[in-house]
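Since this is a predicted model, take the numbers as computed values, not measurements.
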Amino acid sequence: VEFTKKAINIDPENYYNYNSMARVSENAANLKIPNAYENARNAYIEATKYNPYNPSLYLSVAKLDAANGKYDLAKEYIQRSLLIKNDYVDAVYTLSQIQVQNNEISNAIESTKVAIQLDKSNPTLYLQLGLLFYNLKDYKNASLSFVEALKLNNQYANAKYFLGLSLYYTGDIKDSI
């Protein structure tokens with residue numbers, strides 16, 4: 001923290017110095033050090049003043065807020081990042097994770113579908129979609145999602161496992177094995 005403060009004193013208009021302070025403070029916040037969350041958030045906000053068109057800075061604020069249970073603030077900052085870069089897969093995926101935390105599963109499914117449209121080659125997104133369907137006991141759609149994940153990575157152990165379970169629950173015992 002002291003070194004990032006020195007960097008800010010040397011170059012107070014360089015967003016990267018505030019971003020560095022935010023990351024250090026964010027690590028401290030993860031350790032539950034008092035005032036670290038507030039310091040991290042303030043440093044990220046200050047970074048956005050000097051680089052207002054960088055969507056990753058707004059997403060960093062959103063992730064920090066979400067990690068501290070401030071989901072409404074997190075959603076607000078995800079929206080800010082998406083205003084700058086409307087095809088920002090990481091922001092859409094983070095939104096789906098926040099929606100899961102808020103038990104907004106149907107919204108999380110829609111957000112994950114949007115993320116897939118933005119990055120059709122990401123097997124993790126298909127796995128996430130499959131898990132959302134699986135948790136709703138929609139085993140048919142879960143199976144379809146896990147199959148898509150396996151098309152992209154045929155060694156994806158989690159996708160294979162949950163595909164087997166989904167097929168079992170749809171009554172397709174032979175293929176589940």
Side-chain angles (χ1 to χ4, degrees), residues 1-133 135 145 148-149 152-153 158:
V1 169
E2 291 305 314
F3 285 119
T4 61
K5 285 180 182 178
K6 287 179 183 179
I8 289 169
N9 285 334
I10 292 169
D11 190 358
E13 294 183 6
N14 185 340
Y15 88 94
Y16 190 74
N17 292 332
Y18 296 98
N19 192 49
S20 295
M21 176 177 272
R23 292 190 185 281
V24 170
S25 296
E26 186 172 3
N27 286 329
N30 291 336
L31 298 171
K32 306 296 184 211
I33 294 175
N35 301 318
Y37 161 75
E38 293 81 5
N39 292 340
R41 192 169 200 288
N42 290 337
Y44 277 131
I45 300 300
E46 199 64 26
T48 66
K49 291 178 185 175
Y50 296 104
N51 193 350
Y53 301 109
N54 183 337
S56 70
L57 293 174
Y58 297 97
L59 182 58
S60 293
V61 176
K63 288 179 177 181
L64 177 68
D65 286 339
N68 286 277
K70 300 181 184 315
Y71 300 119
D72 289 338
L73 284 173
K75 287 180 184 180
E76 177 185 324
Y77 276 85
I78 286 172
Q79 292 305 319
R80 289 183 186 195
S81 71
L82 290 170
L83 286 174
I84 296 167
K85 185 176 193 258
N86 64 358
D87 63 348
Y88 195 10
V89 175
D90 291 342
V92 176
Y93 181 74
T94 301
L95 176 60
S96 75
Q97 297 300 297
I98 291 168
Q99 290 165 329
V100 168
Q101 291 295 317
N102 281 331
N103 204 27
E104 302 169 19
I105 304 304
S106 61
N107 290 340
I109 288 171
E110 292 309 311
S111 294
T112 305
K113 286 179 179 179
V114 168
I116 287 170
Q117 290 304 309
L118 297 172
D119 185 2
K120 294 178 184 183
S121 65
N122 187 332
T124 303
L125 295 175
Y126 288 101
L127 177 73
Q128 172 69 16
L129 183 60
L131 291 172
L132 290 168
F133 283 127
N135 287 326
S145 297
E148 290 301 316
L152 296 169
N153 178 356
N158 286 338

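The closest donor-acceptor contact from the side chain of Asn17 to the backbone of Ala7 lies under 3.5 Å. The backbone N or O of Pro52 lies less than 3.5 Å from a partner atom in the side chain of Tyr58, making a donor-acceptor pair. A distance-only check finds a donor-acceptor pair linking the side chain of Asn39 to the backbone of Asn35 [under 3.5 Å]. With hydrogens and angles ignored, the 3.5 Å screen pairs a side-chain donor or acceptor of Ser96 with a backbone N or O of Tyr93.
Asn51 places a side-chain heavy atom less than 4.5 Å from the side chain of Leu57. Using a 4.5 Å heavy-atom cutoff, the side chains of Leu125 and Val89 are in contact. Between Tyr44 and Arg23 there is a side-chain heavy-atom pair separated by less than 4.5 Å. Side-chain atoms of Gln79 and Leu95, non-hydrogen and from C-beta on, do get closer than 4.5 Å to each other. Looking only at side-chain heavy atoms (C-beta outward), Thr112 and Ile109 stay at 4.5 Å or farther from each other.
Looking at Arg80 and Tyr77, their side chains do bring a donor and an acceptor atom within 3.5 Å of each other. With no hydrogens or angles considered, a side-chain donor-acceptor pair links Tyr37 and Asp65 at under 3.5 Å.
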Apply side-chain contact (heavy atoms from CB on, under 4.5 Å) to Glu46 and Ile8, showing your working.
-> CA-CA 11 Å; Glu46 199 64 26; Ile8 289 169; over 6 Å; no
Mind running side-chain contact (heavy atoms from CB on, under 4.5 Å) on Glu148 and Leu152 for me, showing each step along the way?
-> CA-CA 7 Å; Glu148 290 301 316; Leu152 296 169; 5.8 Å; no
Give the C-alpha distance, both sets of side-chain angles, the deciding distance and a yes or no for salt bridge (charged side-chain N to carboxylate O under 4.0 Å, His left out) between Glu110 and Lys113.
-> CA-CA 5 Å; Glu110 292 309 311; Lys113 286 179 179 179; 3.8 Å; yes
Are Ile105 and Asn135 close enough, and set up right, to give a side-chain contact (heavy atoms from CB on, under 4.5 Å), and what steps lead you there?
-> CA-CA 9 Å; Ile105 304 304; Asn135 287 326; over 6 Å; no
In sequence, state the C-alpha distance, the side-chain angles, and the governing distance for Asp72 and Lys70, and then conclude on salt bridge (charged side-chain N to carboxylate O under 4.0 Å, His left out).
-> CA-CA 6 Å; Asp72 289 338; Lys70 300 181 184 315; over 6 Å; no
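Heavy atoms only, all atoms of each residue included: Pro55 and Ile84 are closest at CD-CG2, 3.9 Å. Of all non-hydrogen atoms in Ala36 and Ser25, the two that sit nearest each other are CB-O, 3.5 Å. Nearest heavy atoms, Asp90 versus Thr94: O-OG1, 2.7 Å. What you find for Tyr18 and Pro12 is that their closest heavy atoms are OH-O, 2.8 Å. Of all the heavy atoms in Asn19 and Ala47, the pair that sits closest is N-CB, 4.1 Å. For the residue pair Ala91 and Ser81, the shortest heavy atom distance occurs at CB-OG, 3.4 Å.
Remark: Ile78 CD1 to Leu73 CG distance equals 11.0 Å, nearest 0.5 Å. The line from CG of Asn102 to NZ of Lys75 is 4.5 Å long, rounded to the nearest 0.5 Å. Between atom CG of residue Leu132 and atom OG of residue Ser145 there is a gap of 8.5 Å, rounded to the nearest 0.5 Å. Note: Asn153 CG to Ser121 OG = 11.5 Å, rounded to the nearest 0.5 Å. Atom CD of Glu26 is separated from atom CG of Leu64 by 5.0 Å, given to the nearest 0.5 angstrom.
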